Amino acid sequence: MGTWIVLITMVTPKAEISKEIADAAKMCFQCGTCTAGCPSGRRTSYRTRKIIRMAQLGLKEEILSSDELWECSTCYTCVERCPREVPIVDIIIDLRNMAVAEGHIREQHKGTASNLMKYGHTVKVLDLITELRENLGLDPTPPTVLANEKAKADLDKILIATGFDKIVGE
Amino acid sequence: MAKYAFFLGCIAPLRYPGIEKSTREVCAALGIELVDLQDASCCPAPGVIRAFNKKTWLAAAARNLALAEQQGLPIVTICNGCYGSLFDAAHELEADPELLAEVNKILAEIGMQYKGTTKVHHFAEVLYNEVGVEKIKNTITKPLDYQVAAFYGCHFLKPSEIKNLDDPENPHILDDLIEATGAKSMPRKQKMLCCGAGGGLKAAFGDVAKKFTETNLENMKESGAQFIIDVCPFCHLQFDGIQKDTEYNIPVLHLSQLLGLALGMDEKQLAFSTHVTPVKL
């Protein structure tokens with residue numbers, strides 16, 4: 001009689017990972033199609049399949065503190081090819097939200113967030129471009145929140161009401 | 001005449017105003033009326049702002065969608081990131097009345113409401129589906145004779161389940177639009193490889209993003225492309241900016257700038273002066 005080894009892949013996630021993430025990840029059967037087509041995985045230690053497995057296992061701290069969580073370029077190649085229709089990018093985004101809520105955010109990303117708070121746009125306003133816009137016959141200041149204080153104040157209220165200002169910190 | 005609320009985003013108006021200028025000129029020539037979506041903000045960016053705080057992302061996107069709803073107009077964007085954010089946000093809010101109600105509680109604080117009716121379109125999609133390749137061919141005044149690399153980027157076609165515009169692995173929309181100008185879209189390896197900039201990768205791990213871009217540049221060089229034609233100012237920024245530290249020298253044009261050239265716009269009007277990789281015609 002040979003020995004039978006049974007691999008049990010159904011696991012109950014630890015309580016601390018969110019129900020939404022656990023539900024979204026549970027259809028994954030670890031085929032690795034995501035990792036095989038991942039342009040970031042080809043160039044870094046990011047392994048999509050591993051992140052999803054860790055999410056299934058509820059390894060919250062390990063995921064949230066990892067660099068790999070931020071090495072996905074959200075190109076959706078994995079989502080297009082996943083045979084189980086796992087919403088992989090949505091899971092990555094949700095995990096990043098959890099990471100940021102626990103203080104795992106890079107200085108460069110804080111910079112992007114600060115730009116949104118300051119300008120209502122993710123990039124800084126440059127005098128050189130303002131001048132060029134005028135020469136092109138465009139409004140020197142784009143007709144966005146940049147051109148209307150009331151609109152910018154409205155946006156600020158949304159950012160504060162949703163706790164975005166806390167991301168930027170002191 | 002088709003009429004759209006023109007959503008500017010961030011990179012085009014604040015880094016490459018030639019993209020905004022050419023979009024306005026090209027749309028006028030093709031009979032598309034653009035009305036500025038005044039008071040709009042960042043979309044907000046899907047790979048960074050959404051990754052930091054989904055609530056902020058959705059509420060700020062809903063504010064932009066509500067501004068267009070007030071005008072009774074569909075939105076057109078010239079950026080894959082803006083398209084990704086606004087399309088996804090509109091889709092989520094349309095599919096989930098509870099989520100919409102939650103967002104409207106936040107919008108109520110600024111005296112706004114979003115009913116959930118705004119449609120979001122990409123410039124290239126409008127050109128292909130609304131205007132059509134034949135009309136573009138018949139409108140151009142200065143046919144072009146370049147060999148170019150079509151760069152679709154990621155969020156124009158994907159996730160294809162909700163966007164449903166073209167085959168996400170082997171698309172043709174952008175190639176057809178490019179060839180309407182007389183230019184030839186050259187086949188190449190890994191045509192759908194991401195530029196590397198998205199998802200906050202450019203900001204957090206610029207060296208990794210650069211590796212994506214360099215693979216693309218090598219494949220483009222091999223294909224004999226004289227220009228890179230994109231449909232996203234963020235891909236545009238990545239390809240244009242990265243080349244100064246590399247052996248590559250392939251100028252980068254947004255589709256609107258290529259069409260602008262084919263309509264006789266000059267280098268000044270297309271604001272090539274802001275391009276890091278020199279544009280030589």
Side-chain angles (χ1 to χ4, degrees), chain A residues 39-40 43-44 67 70-77 79-80 85 89 92-94 96-97 100-101 105-106 108-109 111-113 115-116 119-126 128-129 132-133 135-139 142-145 147-148 150-155 157-159 161-164 167, chain B residues 8-11 13-15 17-18 20-21 24 36-42 44-56 59-60 63 106-107 109-110 112 154-155 158-161 168-169 192-194 196-201 203-205 208-209 211-212 215 268-269 271 273-274:
Chain A
S40 190
R43 293 164 178 84
T44 68
D67 275 351
W70 298 91
E71 285 173 345
C72 165
S73 72
T74 70
C75 76
Y76 285 93
T77 305
V79 174
E80 293 292 336
E85 299 183 359
V89 172
I92 296 289
I93 296 288
D94 284 345
R96 286 181 177 183
N97 270 240
V100 169
I105 181 166
R106 288 183 165 62
Q108 303 95 310
H109 286 158
T112 309
N115 285 341
L116 184 67
Y119 301 103
H121 288 279
T122 46
V123 296
K124 293 186 170 89
V125 175
L126 304 175
L128 177 84
I129 301 289
L132 179 63
R133 291 183 58 86
N135 293 340
L136 288 172
L138 299 170
D139 294 336
T144 65
V145 283
N148 182 344
K150 160 80 170 63
K152 176 63 170 57
D154 281 354
L155 177 69
K157 279 182 198 161
I158 289 177
L159 298 181
T162 53
F164 195 76
I167 291 170
Chain B
L8 287 174
C10 301
I11 311 280
L14 298 171
R15 290 294 177 275
E20 179 185 333
K21 176 73 179 173
R24 293 180 188 279
D36 287 330
L37 187 59
Q38 290 190 356
D39 302 342
S41 66
C42 173
V48 278
I49 308 304
R50 180 171 56 167
F52 304 157
N53 187 331
K54 261 171 72 172
K55 258 191 188 169
T56 300
R63 179 181 166 275
I106 300 166
L107 292 183
E109 291 186 28
I110 55 169
M112 285 180 84
C154 300
H155 300 167
K158 297 181 279 188
S160 63
E161 195 194 353
E169 304 267 8
M192 295 310 288
L193 172 64
C194 169
L201 198 59
F205 301 104
V208 175
K211 286 181 190 169
F212 283 57
T215 307
K268 257 195 174 160
Q269 288 283 294
S273 62
T274 63

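All of these numbers come straight from a predicted model, not from anything done at the bench. Note on naming: letters A, B, ... go to the chains in the order of the sequence lines (proteins, then strands), and numbering restarts at 1 for each one.
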At a heavy-atom distance under 4.5 Å, which candidate from [options] has the highest pair count against chain A?
options: B:Glu20, B:Glu161, B:Lys55; value: B:Glu20
options: B:Gly18, B:Gly47, B:Ser160, B:Ala60; value: B:Ser160
options: B:Leu37, B:Ile106, B:Ile11; value: B:Ile106
options: B:Met192, B:Met112, B:Arg50, B:Lys268; value: B:Arg50
options: B:Cys154, B:Cys194, B:Ala51; value: B:Ala51

Take B:His155 and A:Thr74 through the side-chain contact (heavy atoms from CB on, under 4.5 Å) test and state the conclusion after the steps. CA-CA 9 Å; B:His155 300 167; A:Thr74 70; 3.4 Å; yes

Chain B contact via [X] - side chain, backbone, both or neither, heavy atoms under 4.5 Å:
X: A:Val100; answer: side chain
X: A:Asn115; answer: neither
X: A:Arg43; answer: both
X: A:Leu136; answer: both

Determine whether a donor-acceptor pair (N or O, by modelled atom type, separation under 3.5 Å) exists between the side chain of [X] and the backbone of [Y].
X: B:Asn53; Y: A:Thr162; value: yes
X: A:Asn97; Y: B:Lys54; value: yes
X: B:Lys158; Y: A:Tyr76; value: no
X: A:Arg133; Y: B:Pro13; value: yes
X: A:Glu80; Y: B:Glu169; value: no

Counting heavy-atom pairs under 4.5 angstrom with chain B, the leader among A:Asn148, A:Ile92, A:Thr112 is A:Asn148

Do you know which of A:Pro39, A:Ala147, A:Gly111 has the most heavy-atom pairs with chain B at a distance under 4.5 angstrom?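 The answer is A:Pro39.
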
Between [X] and chain A, with a heavy-atom cut-off of 4.5 Å, which part of the residue counts as in contact: side chain, backbone, both or neither?
X: B:Asp36; result: side chain
X: B:Arg15; result: both
X: B:Leu193; result: side chain
X: B:Pro168; result: side chain
X: B:Ala59; result: both
X: B:Phe212; result: both

For a quick test of reading the model, state the closest non-hydrogen atom pair linking [X] to [Y] and the distance between them.
X: A:His121; Y: B:Cys10; result: ND1-SG, 3.1 Å
X: B:Pro17; Y: A:Leu138; result: O-CD1, 3.8 Å
X: B:Ala203; Y: A:His109; result: CB-CD2, 3.8 Å
X: B:Leu201; Y: A:Trp70; result: CD1-O, 3.6 Å

Chi angles and distances behind the side-chain contact (heavy atoms from CB on, under 4.5 Å) call for B:Ile49, A:Thr122: CA-CA 9 Å; B:Ile49 308 304; A:Thr122 46; 4.3 Å; yes

Enter the distance from [X]:[atom1] to [Y]:[atom2] here, rounded to the nearest 0.5 Å.
X: A:Thr144; Y: B:Gln38; atom1: OG1; atom2: CD; answer: 10.0 Å
X: A:Leu116; Y: B:Thr56; atom1: CG; atom2: OG1; answer: 8.5 Å
X: B:Ser273; Y: A:Asn135; atom1: OG; atom2: CG; answer: 9.0 Å

How about A:Pro142 and B:Leu14: do any of their side-chain heavy atoms sit closer than 4.5 Å? yes

Under 4.5 Å between any side-chain heavy atoms of A:Asp67 and B:Phe205, yes or no? yes

Tell me, with the steps shown, if B:Leu107 and A:Ile158 meet side-chain contact (heavy atoms from CB on, under 4.5 Å). CA-CA 7 Å; B:Leu107 292 183; A:Ile158 289 177; 3.8 Å; yes

